[in-house]
> 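Please see the structure below; I have some questions.
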Amino acid sequence: MAKLRSILRNGGCLLSLVGPEHGARVGVVATMGSWAHYHASMLDFIKQLPALLGVLIGAFGSYVVVMRGDRARFRREHAARWQERQLSAYTDYALTLKKTVTLHRRVAAHLGHDAYPHPLPLAEVTPLLVDAADTRSAAGEGLLMLGSPEVVEAAHGWALTVMEVEHLLHTPGCTADTWSEQMGKQRAAREKYYTAIRRDMELPPGHSGRWQLPPTQPA
């Protein structure tokens, strides 16, 4: 038995012993060699663990970077689409007011108060004004839904001056001077509207739209 313990301590192998009292064969499998192999494997795994952790951390970092990039791209695309819709709403409303002003100028030219080259009597312009008002009402809903408060307020101010222009056309005391004064107010209100749009959309300053006409040459 002492010899068996000595062999187990020193190596680990298959032993065959015969008990003198019982005459039976006893087989013992020493496990020290298996334990040494397991211990060596664990040491190798521990040595490789930092590299494995580095791979996992790198993969997770790449995933986070990709996800953040996708989110940033989505936000940029969403902001671009929003700006496109806003600009479309702002432009549509401006065009409806511009159409109304143009019709008013044609009537004023017919009355001799404006130099617009295509005069028309009020009776012919009235149906066109009604259609322009309907178009402006629809465009105004888009402006209210998408426009900033500052732009909406500026649009309201411009619309009020356009209404005053129309009211002036129906005033018996309308003259070329009063018409020119009211049109100047209308242009100033339009400029405020465009300035509010540029500020809202972070655009650079633009032209005022006030053109200096060349002096009339004598005949």
> Nearest heavy-atom pair of A189 and G157: which atoms, and what distance?
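Taking A189 first and G157 second, the nearest heavy atoms are CB-O, 4.1 Å.
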> Measure the spacing between CD of Q48 and CG of L53 and express it to the nearest 0.5 Å.
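The CD atom of Q48 sits 12.0 Å away from the CG atom of L53.
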> Just grab all the side-chain hydrogen bond (donor to acceptor under 3.5 Å, both in side chains) pairs involving residues 103-123, residues at least two apart or on different chains.
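Sorted result for residues 103-123: R105-D114, D114-W179.
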> Please determine whether side-chain contact (heavy atoms from CB on, under 4.5 Å) holds for the pair V107 and L103, giving the CA-CA distance in whole Å, both sets of side-chain angles, and the decisive distance to 0.1 Å.
CA-CA 7 Å; V107 175; L103 292 173; 5.9 Å; no
> Checking T175 now: which residues fulfil side-chain hydrogen bond (donor to acceptor under 3.5 Å, both in side chains) with it, not counting sequence neighbours?
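For T175, the residues satisfying side-chain hydrogen bond (donor to acceptor under 3.5 Å, both in side chains) (neighbours in sequence not counted) are T178.
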> Output all residues satisfying side-chain contact (heavy atoms from CB on, under 4.5 Å) with S88, sequence neighbours left out; order by chain, then residue number.
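If we apply the side-chain contact (heavy atoms from CB on, under 4.5 Å) test to S88, skipping adjacent residues, the hits are D92.
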> Please check if V152 and M201 belong to a single hydrophobic cluster, counting links between Ile, Leu, Val, Met, Phe, Trp and Tyr side chain heavy atoms closer than 4.5 Å.
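Linked within one cluster.
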> Is there a side-chain contact between Y90 and D200 (heavy atoms, below 4.5 Å)?
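Yes, side chains in contact.
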> Say whether L87 and L95 are linked into one hydrophobic cluster, either directly or through other cluster members, by side-chain heavy-atom distances under 4.5 angstrom.
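In one cluster: no.
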> So how far is it from R81 CZ to E84 CD, rounded to the nearest 0.5 Å?
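Rounded to the nearest 0.5 Å, the CZ-CD separation comes to 8.5 Å.
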> So, for G142 and A89, which heavy atoms are closest and what is the spacing to 0.1 Å?
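Answer, listing the atom of G142 first, then A89: O-CB, 3.9 Å.
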> Which pairs, with at least one residue in residues 132-143 and sequence neighbours excluded, count as a side-chain hydrogen bond (donor to acceptor under 3.5 Å, both in side chains)?
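Sorted pair list: T100-R136.
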> Verify, without hydrogens or angle tests, whether T96 (side chain) and Y93 (backbone) share a donor-acceptor contact under 3.5 angstrom.
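The answer is yes, because a donor-acceptor pair under 3.5 Å joins these two groups.
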> Does anything in residues 142-152 pair up under side-chain hydrogen bond (donor to acceptor under 3.5 Å, both in side chains), and if so which pairs, sequence neighbours excluded?
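Output for this query lists E150-R199.
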> Which side-chain N or O atoms in residues 158-174 pair as donor and acceptor under 3.5 Å with protein atoms at least two apart or in another chain?
unit_1	atom_1	unit_2	atom_2	d
W158	NE1	Q186	OE1	2.9
T161	OG1	W158	O	2.6
E164	OE1	Q182	NE2	3.1
H170	ND1	E166	O	2.9
T171	OG1	H167	O	3.0

> After noting the C-alpha distance and the side-chain angles of T91 and I197, does the key distance pass the side-chain contact (heavy atoms from CB on, under 4.5 Å) rule?
CA-CA 10 Å; T91 303; I197 291 175; over 6 Å; no
> Where the side chain of T102 meets the backbone of K98, is there a donor-acceptor pair that is under 3.5 Å apart?
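The answer is yes, because a donor-acceptor pair under 3.5 Å joins these two groups.
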> Which heavy atom of T126 sits nearest a heavy atom of L122, and at what distance?
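For T126 and L122, the tightest heavy-atom pair comes out as OG1-O, 2.8 Å.
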